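The structure appears right after this line, and notes come after that.
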Amino acid sequence: MPKTINSVCPKDCFGSCSLEVEVEKGKVIKVRGNRNSPVSQGRICSKGKNYPNLVYGPERLLYPLQRIGERGKSEFKRISWEQALNIIYEKLRGLRERYGPESVLYYVRFANLGVMKNCAYSFWYQFGGFTSTYGGLCDSAAQEAINLTYGKVKHNKISDLENSKLIILWGTNPAYTNIHLMHYLNKALDQGAKLISIDIRENESGKKSNLYLNPRVGTDGCLALGVANQLIESNIIDADFINKYTFGFDEFKVLTREYPLDKVSAITEIPINKIKSLINYIKENPEYALICGMGVQRYTNGGQTVRAISLLPALTASLGKKGCGFYFSDRQAPELNWPFLPEKPDKIRNSIAAAKLASELDHQTEPPYLCVPACATGTHADRLARRQALKAIWIEEANPMTSNPNVNLLAKAMNKLEFIVVADLFLTDTARIADIILPVTSMFEYYDLITGYGHSYIQLQQKVIEPSGECKHESEIYRLLGKKFGFNLDYLPENNLSTIEKIISSSNLDTDIDELKEKPYLHPDYQEIAFNDFKFNTSSQKIEFFCQKMKDKWGENPLPIYREAVENKYTSPDIYKRYPLSLVSSHALKKMNSQFSDITAFQEEPFIWINPSDAEKRKIKNGDKVKVYNQRGNFILKALLTKKVAKGIVHIYFGWWDGVHKVNINKLTGDYISDIGYEAAFHNCLVEVENTV
Ligand SMILES: Nc1nc2c(c(=O)[nH]1)N[C@H]1C(S)=C(S)[C@@H](COP(=O)(O)OP(=O)(O)OC[C@H]3O[C@@H](n4cnc5c(=O)[nH]c(N)nc54)[C@H](O)[C@@H]3O)O[C@H]1N2
Ligand SMILES: Nc1nc2c(c(=O)[nH]1)N[C@H]1C(S)=C(S)[C@@H](COP(=O)(O)OP(=O)(O)OC[C@H]3O[C@@H](n4cnc5c(=O)[nH]c(N)nc54)[C@H](O)[C@@H]3O)O[C@H]1N2
Ligand SMILES: [Mo]
């Protein structure tokens, strides 16, 4: 008889779906959504249903591997754990002795949203230090912008969307990326709500839109200021609300006057009548749900763009009530504490922005180099410091050779390293260049506690099967390695329920394991209607039109000014002459970032969207193999002619692997960084396309 065990999908996604996992004779035989869970009521995506294929498929790494032959040739031999750990121990100990612990870069991202990944710090602290990264590849510009503007990133319970009469999707594609939100959005539309979509392409979520606005890429901040100007000029604002709950409105109003309709239309390339129509919709429904996504902030002006967009609801008091509000992500769950940390060593060098891994690694592998850590404050001269070069990288929960910008440069930089360790489940583009590959457990093979960002529940991830092959969870890997170094193993706990118990109690969660096995945890201060207390934890305790911290912390304008981003026809006319098309990527239905690209069940041929008129100029027909290229790289894939993208824009779903498909969009992207939050500006990317037939 199969047993059914509750668990949760830990992937870096809005969903954090509650699962029921059917297990028989020690094997997962079925994964379905948990219908009793308030989180997702049984809904899960096709990737979730397919997890057994992932766990038991031929692509899974089952044994430690050591590189043989040249790096990057992807030739490995199977070795034992004892051999793998001895090699790592000797190498890391040697590097620490010769160059100090900061010569090792510990690179981790968010493949999973669990708290157990913190076990790594228990090791690296005892190692005596390391080099670490700051900033993000995902949403760090927006997180910073919203925190500075509202004091907290949160939104109404998604089921409240059903109460909305007007919904605006701005640079997000929940039909692919946030299925639970899309569920309620569809319900609202069924009940007669209107939908407006603002996106550089007609995306899958906007099919039922009453109005579609397609701005030139990276100009949404200008559009938002133009909309604000119209709302203010036409007196479609709530003066009482503005007086009571906002700060700096007068200065903001002066700024918006610089954005009359004709100018906004010229900059964004959206026809005036469409912007007017948007204003009319807001006039009819001043309380509306504005759902902003990650797309708009992956630009060098991304932070200010999100500041400008997020302030629109404040103009019409569209917040703190049912049926309206600003949605980005919901971060109301309390932070989980990791109670196993030894004293923090001084030698933690926070010198690499994740978004600039390629160029900063390239720079910091040259001994001795001059480093300007962007996170440091003070004058330029203060920030200059002589540094020891990086010699090794340890990569975990990340696939930088696919997911980080400028990967050709990154490959060059990686090649200068003496030692590369990659812990992963699959032979990714990153694992292919490793010296040692450590096979890790899948989400069914260890316990964890998961905090999401599409809702604020905390859920228990249960171990439902034993690890496949010789796979190990990171906690065991670090424990075994820590033993070799003679570290205090009390700080390197095993992955089991008593470890999770300690985390629960030290994080002051009013729940326990038994309860979590049955249902998710929602903390007592959770607001179903975000900001219903109208408390804003900013410097002024109000919503900040004018934000002094933008200046003090980031050297940015306190007002959400509009500035052209890099790599476009105005800011880089020379590059534009050679590469006149803007390349934008978005997240794919059947991938989780770069994950699942290698899974047989999910195979599809890579393709690029191109407008028929751009295609015709280049003698490209539907289905032709085309070369996409710029000064940073090139690859070949199939052309899909579609008017869903405007002239001058091409679009590729993110996540195909060089090692499997010979396509990797990040061969073309530059490692630019956003104005605030150190976010990767992936979409500031000019390319050219040509036919190969
Ligand atoms: N199926 C699936 N779900 C996922 C993921 C996945 O890979 N697959 N990834 C998860 C993660 S890590 C994230 S961060 C989220 C991302 O979730 P989303 O917020 O939906 O982000 P994207 O798919 O990157 O982009 C959303 C939209 O932004 C548009 N866009 C790009 N540039 C601009 C612009 O300048 N202006 C405007 N108005 N629109 C623009 C794109 O065309 C795209 O339609 O999804 C999560 N969920
Ligand atoms: N051009 C372009 N680039 C993008 C984006 C884009 O829209 N366009 N989106 C960006 C976004 S939003 C994000 S969030 C990043 C994502 O970039 P990353 O955070 O690097 O995430 P993934 O590419 O999913 O790679 C995660 C890797 O971790 C592995 N993994 C899964 N579980 C575990 C585990 O328990 N332990 C270990 N050790 N490994 C595990 C997976 O197999 C996978 O290889 O990519 C960014 N890159
Ligand atoms: Mo992300």
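As the structure is a computational prediction, the values presented were derived from the model and not from experiment. Read the numbers this way: they start at 1 and go in the same order the structure lists the ligands and their atoms.
Remark: ligand 1 and Val296 share no N or O pair separated by less than 3.5 Å (distance only, no angle test). The distance criterion of under 3.5 Å between nitrogen or oxygen atoms is met by Asp220 with respect to ligand 1. Backbone and side-chain nitrogen or oxygen atoms of Lys590 are examined, and none is located within less than 3.5 angstrom of a nitrogen or oxygen of ligand 1. Between Phe14 and ligand 1, not a single N/O pair is under 3.5 Å apart.
Short contacts between ligand 1 and Lys47, defined as distances under 4.0 Å to a heavy atom of the residue, involve ligand atoms 1 (N), 2 (C). In summary, the atoms of ligand 1 found under 4.0 Å from a heavy atom of Gly218, numbered by their order in the structure, are 35 (O). Near Asp199, with a cut-off below 4.0 Å to any heavy atom, the atoms of ligand 1 are 27 (C), 28 (O), 29 (C), 30 (N), 37 (C), 38 (N), 39 (N), 41 (C), 42 (O), 43 (C), 44 (O). The contact set between ligand 1 and Asn203, taken as ligand atoms under 4.0 Å from a residue heavy atom, comprises 44 (O). Within the listing of ligand 1, atoms 19 (O) sit less than 4.0 angstrom from a heavy atom of Gly293. The Tyr176 neighbourhood of ligand 1 comprises atoms 1 (N), 2 (C), 3 (N), with distances under 4.0 Å to a heavy atom of that residue. Distances below 4.0 Å separate heavy atoms of Leu589 from the following atoms of ligand 1: 1 (N). Applying the 4.0 Å criterion to heavy atoms of Arg201 picks out, from ligand 1, the atoms 41 (C), 42 (O), 43 (C), 44 (O).
Between Phe682 and Tyr299, the distance from one ring center to the other does not fall under 6.0 angstrom. Taking the ring centroids of Phe328 and Trp170, they lie at or beyond the 6.0 Å cut-off.
The structure places CZ of Phe654 at 10.0 Å from NZ of Lys591, a figure rounded to the nearest 0.5 Å. With values rounded to the nearest 0.5 angstrom, His587 atom NE2 is found 8.0 Å from Met294 atom CE. In this structure, the separation between CG on Asn112 and OG on Ser442 is 9.5 Å, given to the nearest 0.5 Å.
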I'd like a table of the close N/O pairs between ligand 2 and the protein (anything under 3.5 Å), one pair per line with both atom names and the distance.
residue  : atom   : partner : partner atom : Å
ligand 2 : 1 (N)  : Ser585  : OG           : 3.2
ligand 2 : 1 (N)  : Asn666  : OD1          : 2.9
ligand 2 : 3 (N)  : Asn666  : ND2          : 3.2
ligand 2 : 7 (O)  : Arg298  : NH1          : 3.4
ligand 2 : 7 (O)  : His587  : NE2          : 3.1
ligand 2 : 8 (N)  : Ser585  : OG           : 2.8
ligand 2 : 9 (N)  : His587  : NE2          : 3.1
ligand 2 : 17 (O) : Ser403  : OG           : 3.4
ligand 2 : 20 (O) : Asn399  : N            : 2.9
ligand 2 : 23 (O) : Ser403  : OG           : 2.5
ligand 2 : 23 (O) : Ser594  : N            : 3.3
ligand 2 : 23 (O) : Ser594  : OG           : 2.5
ligand 2 : 24 (O) : Gln595  : NE2          : 2.8
ligand 2 : 25 (O) : Asn399  : N            : 3.4
ligand 2 : 28 (O) : Ala398  : N            : 3.3
ligand 2 : 32 (N) : Asn112  : ND2          : 3.1
ligand 2 : 35 (O) : Asn112  : ND2          : 2.8
ligand 2 : 36 (N) : Glu474  : OE2          : 2.7
ligand 2 : 38 (N) : Glu397  : N            : 3.3
ligand 2 : 38 (N) : Ala423  : O            : 2.9
ligand 2 : 38 (N) : Glu474  : OE2          : 2.6
ligand 2 : 39 (N) : Glu397  : N            : 3.4
ligand 2 : 42 (O) : Asp424  : OD1          : 2.6
ligand 2 : 44 (O) : Asp424  : OD1          : 3.4
ligand 2 : 44 (O) : Asp424  : OD2          : 2.6
ligand 2 : 47 (N) : Ser403  : O            : 2.7

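The number of heavy-atom neighbours closer than 6.0 Å to OH of Tyr629, taken from other residues, nucleotides and ligands shown, is above 12.
Under a 4.0 Å heavy-atom criterion, Tyr453 is in contact with ligand 1.
Between Trp609 and Tyr653, the ring planes lie perpendicular to each other; the angle is over 60°, past the 30° to 60° tilted range.
Here the rule is ring pair (Phe, Tyr, Trp, His ring centres under 6.0 Å) with His473, and of Phe444, Tyr478, Tyr447, Tyr446 only Tyr446 fits it. Checked against Ser586 for a side-chain hydrogen bond (donor to acceptor under 3.5 Å, both in side chains), the options His651, Glu204, His683, Arg298 give a single hit: His651.
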Q: Could you give me the CA-CA distance, side-chain angles and deciding distance for Thr428 and Met401, then say whether side chain to side chain contact (heavy atoms under 4.5 Å, CB included) is met?
A: CA-CA 8 Å; Thr428 61; Met401 288 301 297; over 6 Å; no
Q: Begin with the C-alpha distance, continue with both residues' side-chain angles, and end with the deciding distance and a verdict on ring-ring contact (aromatic ring centres under 6.0 Å, His included) for Tyr121 and Tyr106.
A: CA-CA 10 Å; Tyr121 296 103; Tyr106 169 56; 5.7 Å; yes
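Taking both residues in full, the closest heavy atoms of Arg109 and Gly136 are given as NH2-CA, 4.1 Å, listed atom of the first, atom of the second, then distance.
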